[in-house]
Amino acid sequence: MLHIVNDAMLINHYTETHYRFYTQIDLSQYPQVHDFYEIVLVTDGVLKLTLCGKSFVLQSGQIALIRPGDIHSKAGEESAHINLAFPSSAIEALFYYLCDPKGEMRLLDMIVVPPVQLGQPEFLALQEKMQWLNTIPVNEGERIRTILRHLLFDVVTRYFLPPQEDSAFHQTVPSWLASALTLWQSGEHRSEGLDFLCIASGRSKEHICRTFKQCFGVTPSTYLNRQRLNYAVNLLLHSDYSVTDIGYESGFGSSGRFYHVFHEVYGTSPRRFLQQYNIASYMNR
């Protein structure tokens with residue numbers, strides 16, 4: 001039996017939030033669907049999450065976003081998680097602030113929003129922020145809403161929001177690959193390759209390679225290196241990172257590999273490229 005939950009049944013609209021820390025799961029409440037957003041942060045053990053027909057095994061430090069209309073189930077005997085629910089109006093306000101009226105549509109257009117594994121420092125910081133919401137007096141609704149929107153801005157834009165792409169991308173790239181590439185581009189997985197795309201999409205290597213050829217005309221390795229290189233060039237021009245740090249930050253794994261790919265595409269070294277860019281910028285003033 002599908003359980004339908006409305007935000008009026010759960011969310012305090014004075015604070016725009018519903019916060020709970022769960023150590024047990026009432027299986028009788030699932031499968032479930034609701035008209036609000038829900039963030040799930042696993043703090044201990046293993047949580048089994050079925051989301052839009054896809055199964056995930058979430059461990060400590062993993063975070064998931066459940067959207068309005070997402071049919072989902074939870075299970076796990078020895079697990080703990082923080083649950084933060086908030087109305088759609090909070091997300092609408094977020095994208096209004098970002099001057100991105102189509103942002104929520106991009107979020108809702110994904111077949112499923114893949115859960116994200118946080119690094120230990122990120123996990124502890126987010127856990128502390130979410131727990132902090134529970135320490136504020138319930139009569140300080142405006143303060144709670146302010147902190148919630150800070151939290152949503154950070155979490156949604158950093159981990160879950162698909163980047164703005166041109167329409168041609170969405171017309172040619174299947175949603176399962178677009179979702180996997182969005183997760184890859186989040187930064188934590190930028191050094192990984194085809195094996196990661198297989199795990200993130202649930203497709204075989206052969207299937208992924210064929211799809212890349214059809215959509216982009218290149219192999220996954222070539223495409224991912226181009227994306228790493230785009231990121232590296234932006235760091236080179238707009239940060240004070242050393243060339244060595246940029247190579248690692250961009251996901252190349254070694255400075256030697258970074259230099260090789262960079263020279264192959266631009267015909268010069270990263271340092272020489274930066275010098276030429278600075279000279280051209282000065283001449284065009």
Just by distance, do the side chain of Gln62 and the backbone of Gln59 share a donor-acceptor pair under 3.5 Å? yes
Any donor-acceptor pair under 3.5 Å from Trp184 side chain to Phe196 backbone: no
For residues Leu94 and Met130: do they belong to one hydrophobic cluster (side chain heavy atoms under 4.5 Å, members Ile, Leu, Val, Met, Phe, Trp, Tyr)? yes
We want to know whether [X] and [Y] form a side-chain donor-acceptor pair, criterion being a heavy-atom distance below 3.5 angstrom.
X: Thr182; Y: Ser179; answer: no
X: Ser242; Y: Asp245; answer: yes
X: Arg226; Y: Tyr231; answer: no

Is the closest side-chain heavy-atom distance between [X] and [Y] below 4.5 Å?
X: Thr43; Y: Ile82; answer: yes
X: Asp195; Y: Lys205; answer: yes
X: Leu197; Y: Leu224; answer: yes
X: Val5; Y: Asp35; answer: no
X: Val155; Y: Leu84; answer: no
X: Cys209; Y: Leu194; answer: yes
X: Pro87; Y: Glu16; answer: yes
X: Leu2; Y: Gln32; answer: no

Can you name the nearest heavy-atom pair linking [X] to [Y], along with the distance?
X: Leu229; Y: Phe252; answer: N-CZ, 3.9 Å
X: Tyr159; Y: Val116; answer: O-CG2, 3.6 Å
X: Asp70; Y: Cys52; answer: OD1-SG, 3.3 Å

Check whether more than 12 heavy atoms from other residues, nucleotides or ligands sit under 6.0 Å from atom [atom1] of [X], and answer yes or no.
X: His3; atom1: NE2; value: yes
X: Tyr96; atom1: OH; value: no
X: Tyr22; atom1: OH; value: yes

Evaluation steps, side chain to side chain donor-acceptor pair (under 3.5 Å), between Arg271 and Tyr259: CA-CA 10 Å; Arg271 286 188 178 87; Tyr259 274 84; 2.4 Å; yes
Residue that, paired with His34, satisfies ring pair (Phe, Tyr, Trp, His ring centres under 6.0 Å) out of Tyr30, Tyr37, Phe36: Phe36
Arg158 bridged to Glu122 by N-O distance under 4.0 Å: yes
Check Arg67 with Glu38, please: is the shortest side-chain N to carboxylate O separation under 4.0 Å? no
If you take the centroid of each ring, where Trp contributes its six-membered ring, are Phe262 and Phe258 closer together than 6.0 Å? yes
